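Let me begin by presenting the structure, written as structure tokens, before commenting on it.
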Amino acid sequence: MSSRSHPLESIRARIAAVCARVGRDPASVRLVAVSKTRSPEEIRVVAARGQTLFAENRVQEARDKIPLIADPSLDWHLIGPLQRNKVKTAVEIFSMIHSVDSFELAGEISRRMEPIRPMPVLMQVNVGREPQKSGVAPEEALEMARAWASLPGIQLQGLMTIPPFCDEAEEARPWFRQLAGLRDAIEAAGIDGVSMRELSMGMSLDFEVAVEEGATLVRIGSALFAAA
Ligand SMILES: *Cc1c(COP(=O)(O)O)cnc(C)c1O
């Protein structure tokens, strides 16, 4: 394959351009390469371009695939639903879990991690209150954060959302803004041990709007792995 521009470079350039426009440090936005359904070969191509942070949405798929990639320099996040019986495996694979949405799940992760180190987690918030989507209801997020703060084996570091489907990136803005406001409110509550630095929001079609609204982790799959 030639060294012609890869989507990774154009996505990075677009993130940097948004940061320049809104006065953010580009280092404050991390690109999360969403590699679900992608083969080890496809993932290696992106890793060879310097991308080290990847995310999967299924524990099983990640467990089977990551050993085949055999690159210990890569860092893996979980962004999909986590069943309690998969927590033991998940905490061995992932360095951050974006999709924690209940006290029971947070407690299970804590129990598995407690003697080792706290697991960095994000609280998934269902901003659109869509019945088919996981996530804590926005009005419950603050109390949930207080409850999680008492669990020794997790460290709440921010919020994540998958907003209602939008045809236009601009339509996602109010949802991103809502998540950022919720993050600010939890931070302002000054809960011991909770530092809400991360906002995981924005995907292939709307990541620029998400960065404008404060995203620190943008989860990009199709735009990155699209045929180069
Ligand atoms: C698949 C997925 C993404 C990436 O979506 P694209 O539109 O392909 O960029 C982001 N977040 C989650 C939770 C996903 O499951």
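Not measured: the values here are computed from a predicted model. Counting starts at 1 for both ligands and their atoms, following the listed order.
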Fill in: Glu187 side-chain N/O to Met196 backbone N/O, donor-acceptor pair under 3.5 Å
yes
Practice prompt. Please identify which atoms of ligand 1 are closer than 4.0 Å to at least one heavy atom of Ile162.
Written response: 13 (C)
Practice prompt. Quick one: look at Leu205 and ligand 1, take heavy-atom pairs under 4.0 Å, and tell me if it's side chain, backbone, both or neither.
Written response: neither
Worksheet entry | Distance-minimising heavy-atom pair for Ile43 and Arg38 | CD1-O, 3.7 Å
Item to complete: Go through the steps for Arg49 and Glu9 under the test salt bridge (Lys or Arg N to Asp or Glu O under 4.0 Å), then give the verdict.
Response: CA-CA 9 Å; Arg49 296 267 176 171; Glu9 275 92 58; 3.0 Å; yes
Practice prompt. Please report the C-alpha distance between Val209 and Phe176 in whole Å, then the side-chain angles of each, then the deciding distance to 0.1 Å, and finally whether the side-chain contact (heavy atoms from CB on, under 4.5 Å) criterion is met.
Written response: CA-CA 8 Å; Val209 175; Phe176 295 150; 4.0 Å; yes
Worksheet item: What is the closest protein heavy atom to atom 12 (C) of ligand 1, and at what distance does it sit?
Response: Ile79 CD1, 3.5 Å
Worksheet item: What residue and atom, counting heavy atoms only, is the protein's closest point to atom 7 (O) of ligand 1, and at what distance?
Response: Ser222 OG, 3.6 Å
Worksheet item: Are any of the N or O atoms of Gly221 closer than 3.5 Å to those of ligand 1?
Response: yes
Worksheet item: To which protein heavy atom is atom 9 (O) of ligand 1 closest, and what is the distance rounded to 0.1 Å?
Response: Ser204 OG, 2.5 Å
Fill in: Protein contact to atom 10 (C) of ligand 1 [nearest heavy atom, distance to 0.1 Å]
Met203 SD, 3.1 Å
Item to complete: Without swapping roles, check the side chain of Glu108 against the backbone of Ser110 for a donor-acceptor pair under 3.5 Å.
Response: no
Worksheet, complete the sentence: Closest to atom 1 (C) of ligand 1 by heavy-atom distance, out of Arg219, Gln124, Lys36, Arg58, is Lys36
Worksheet item: Which of the numbered atoms in ligand 1 are below 4.0 angstrom from a heavy atom of Ile220?
Response: 9 (O)
Item to complete: Scan side-chain atoms only and decide if Glu198 and Thr216 contain a donor-acceptor pair under the 3.5 Å cut-off.
Response: yes
Discussion item. Distance alone, cut at 3.5 Å: any donor-acceptor contact between the side chains of Ser200 and Arg219?
Written reply: yes
